[in-house]
Participant: 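Below is one structure. I have some questions about it.
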2 protein chains.
Amino acid sequence: MPSGRKTVINLMYTANLVGERTTELLKPFGITVQQFNVLRILRGQKGKPANLFTIQERMIHKMSNTTRLVDKLIEKKLVDRMVCPNNRRKVEISITDSGLKLLSEIDGPIDELNLTLVEAFTPEELETFNIFLERIRS
Amino acid sequence: MPSGRKTVINLMYTANLVGERTTELLKPFGITVQQFNVLRILRGQKGKPANLFTIQERMIHKMSNTTRLVDKLIEKKLVDRMVCPNNRRKVEISITDSGLKLLSEIDGPIDELNLTLVEAFTPEELETFNIFLERIRS
DNA sequence: TAACTTTAGTTGTATATACAAATGTTAGTG
DNA sequence: CACTAACATTTGTATATACAACTAAAGTTA
């Protein structure tokens, strides 16, 4: 088997396993991986709201219906939507206190899972691994 | 940010990009990534048919409706289904000549894409990268 | 051999995702 | 200032996915 083929299969297989474990972990908290990632993006804004385009741009899975994903988060009162007063085409999404609280509850378990996944790596190996991943993307 | 968290996000992000590129590549051939992987699993059987459980076990994305995924491939005449004569609970799925032909057409482009993705790696680095991925899974 | 358990696959239902077309808003041009 | 293009988001539709309940066949045991 050509080496690139094997590596790509290995990559997809591994990422999928990690995704499944993450989905499972998030289930008791009532959110999906995608919703979780959007919440983290919004937390990263440090109070500043983000519009849908910004969110979509930073999402791991780039799909076009960010609207509906955010709708789910609004239903759960984890984020707020506000039409941008300067540019009424835009909407500004910001994480609520309740959203921040939920994230803070998830932080512990998710870091624990992530640490378990990479526990066999030395810091140097982890650095190398990250560089390898970035190299594939470039 | 804790190092495990960063690495896992990096992994998911990269795998997703690779998945998107693969989806795009397969589109003109009229199959999805999942369907493509099932076809490759069946080709790997070298003439021997596989039952649904075996297919599901080897699939990258483990979901429970392998039945419907295989149905799509049957509609396209890329695989055949036959009830196992020894054990009528089982069904045996095998790739058709038309399925093999389609795979052989895709092999070139997909290897080209995969090689492009890992072109910056030396063989040693690729080996290391594969070991890292396996380490995460274990 | 009837009743029970396990195995293998199928089906129903709810939700998620992808893609394209549509809507409403702003900016630019003659 | 009407006209056109670009932008930001929403909506429609088809397909994919996850999960659970269901069916049917085979094996097990009293």
Side-chain angles (χ1 to χ4, degrees), chain A residues 12 15-17 19-39 49-76 79-94, chain B residues 12 15-39 42 49-76 79-94:
Chain A
M12 302 306 280
N16 198 66
L17 184 126
E20 277 173 2
R21 295 263 219 117
T22 309
T23 299
E24 200 177 334
L25 186 148
L26 291 176
K27 199 163 292 172
F29 298 100
I31 57 171
T32 66
V33 177
Q34 311 276 43
Q35 291 169 4
F36 176 59
N37 285 325
V38 170
L39 287 177
N51 63 29
L52 286 180
F53 183 76
T54 306
I55 292 173
Q56 190 171 328
E57 205 175 32
R58 298 197 192 154
M59 274 169 66
I60 290 180
H61 304 261
K62 312 234 178 299
M63 45 169 218
S64 51
N65 60 345
T66 312
T67 303
R68 273 181 281 228
L69 201 160
V70 168
D71 282 347
K72 296 284 152 97
L73 293 172
I74 293 170
E75 275 173 36
K76 291 170 191 153
V79 307
D80 277 333
R81 166 166 32 200
M82 215 187 75
V83 174
C84 176
N86 304 340
N87 185 341
R88 298 204 305 140
R89 282 175 300 189
K90 292 191 185 177
V91 293
E92 299 191 321
I93 313 295
S94 48
Chain B
M12 302 306 280
N16 197 67
L17 184 127
V18 172
E20 277 171 3
R21 294 260 220 120
T22 309
T23 300
E24 201 178 335
L25 186 148
L26 291 175
K27 199 161 291 171
F29 297 101
I31 58 172
T32 65
V33 176
Q34 311 274 45
Q35 293 170 2
F36 175 59
N37 285 325
V38 169
L39 287 178
L42 292 172
N51 63 27
L52 285 181
F53 183 75
T54 307
I55 293 174
Q56 190 171 327
E57 205 175 32
R58 298 196 193 156
M59 274 169 66
I60 291 181
H61 303 261
K62 313 234 178 299
M63 45 166 217
S64 50
N65 58 344
T66 313
T67 303
R68 272 180 281 228
L69 200 159
V70 168
D71 283 347
K72 295 284 152 96
L73 293 172
I74 293 171
E75 275 173 36
K76 291 171 191 153
V79 307
D80 276 333
R81 166 169 24 205
M82 215 186 73
V83 174
C84 176
N86 305 340
N87 185 339
R88 298 204 303 139
R89 282 174 300 188
K90 293 190 183 176
V91 294
E92 298 192 320
I93 311 295
S94 48

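Being a predicted model, the structure only gives us computed values, none of them experimental. Lettering follows sequence order; numbering is per chain, from 1.
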Participant: Once you round it to whole Å, what is the distance between P of C:dG9 and CD of B:E57?
Facilitator: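 Whole-Å distance recorded here is 11 Å.
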Participant: Check whether any side-chain heavy atom of B:T22 lies under 4.5 Å from a side-chain heavy atom of B:L25, and answer yes or no.
Facilitator: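 No; the side chains remain at least 4.5 Å from each other.
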Participant: What pairs with B:R21 under salt bridge (Lys or Arg N to Asp or Glu O under 4.0 Å), at least two apart in sequence or on another chain?
Facilitator: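 With sequence neighbours excluded, B:R21 shows a salt bridge (Lys or Arg N to Asp or Glu O under 4.0 Å) to no residue whatsoever.
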Participant: So, the side chain of A:K76 versus the backbone of A:I31: is there a donor-acceptor pair under 3.5 Å, distance only?
Facilitator: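 Pair absent, no side-chain N/O of A:K76 close to backbone of A:I31.
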Participant: Distance check needed: D:dA18 P versus A:E24 CD, whole Å only.
Facilitator: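 It is 13 Å, rounded to the nearest whole Å.
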Participant: If you check every side-chain atom of B:R88, which of C:dA16, D:dA26, D:dA16 has the closest atom?
Facilitator: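 Ranking C:dA16, D:dA26, D:dA16 by closest atom to the B:R88 side chain puts D:dA26 first.
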Participant: Under the side-chain hydrogen bond (donor to acceptor under 3.5 Å, both in side chains) test against A:Q56, which residue among A:N51, A:N65, A:T66, A:T67 passes?
Facilitator: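 Result for side-chain hydrogen bond (donor to acceptor under 3.5 Å, both in side chains) with A:Q56: A:T66.
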Participant: Looking at A:K72, I'd like to know whether one of its side-chain N or O atoms comes within less than 4.0 Å of OP1 or OP2 on C:dA16.
Facilitator: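 Looking at the OP1 and OP2 atoms of C:dA16, one of them is under 4.0 Å from a side-chain N or O of A:K72.
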Participant: From CD1 of B:I55 over to C1' of C:dA8, roughly how many Å is that when rounded to an integer?
Facilitator: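 It works out to 13 Å between those atoms.
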Participant: Between A:T32 and B:K27, who's closer to the 5' end of DNA chain C by nearest nucleotide?
Facilitator: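 Residue closer to the 5' terminus by nearest nucleotide: A:T32.
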Participant: Kindly write out the residues that satisfy side-chain hydrogen bond (donor to acceptor under 3.5 Å, both in side chains) with A:T32, not counting sequence neighbours, or none if the list is empty.
Facilitator: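 Partners of A:T32 by the side-chain hydrogen bond (donor to acceptor under 3.5 Å, both in side chains) criterion come out as none, since no residue qualifies.
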Participant: Which whole-number value in Å describes the distance from A:I31 CD1 to C:dT15 P?
Facilitator: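 Rounded to whole Å, this separation is 17 Å.
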Participant: Could you please spell out the steps behind the side-chain contact (heavy atoms from CB on, under 4.5 Å) verdict for B:R58 and B:N37?
Facilitator: CA-CA 9 Å; B:R58 298 196 193 156; B:N37 285 325; over 6 Å; no
Participant: Report the distance from atom CG of B:L26 to atom C1' of D:dA16, rounded to the nearest whole Å.
Facilitator: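 Result: 15 Å.
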Participant: Treat primed atoms plus P, OP1 and OP2 as sugar-phosphate and everything else as base, then score nucleotides 4-11 of chain D 5' to 3': B for base contact with protein heavy atoms under 4.0 Å, S for sugar-phosphate contact only, - for none.
Facilitator: --BBSSBB
Participant: Using whole Å, what does the distance between atom P of nucleotide D:dA18 and atom CD of B:Q56 come to?
Facilitator: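 B:Q56 atom CD is separated from D:dA18 atom P by 10 Å.
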Participant: Check the distance between C:dA16's P and A:F36's CZ and give it to me in whole angstrom.
Facilitator: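 Computing the A:F36:CZ to C:dA16:P distance gives 17 Å.
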Participant: Whole angstrom is fine here: how far is it from CG in B:L69 over to P in C:dT10?
Facilitator: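 Answer to the nearest Å: 12 Å.
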Participant: Backbone N or O of B:M12 within a donor-acceptor pair of the B:N16 side chain at under 3.5 Å?
Facilitator: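 No: the side chain of B:N16 does not pair with the backbone of B:M12.
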Participant: May I ask you to verify if any side-chain N or O of A:Q34 is less than 4.0 angstrom from the OP1 or OP2 atom of C:dT17?
Facilitator: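 Checking A:Q34 against C:dT17: at least one side-chain N or O falls below 4.0 Å of OP1 or OP2.
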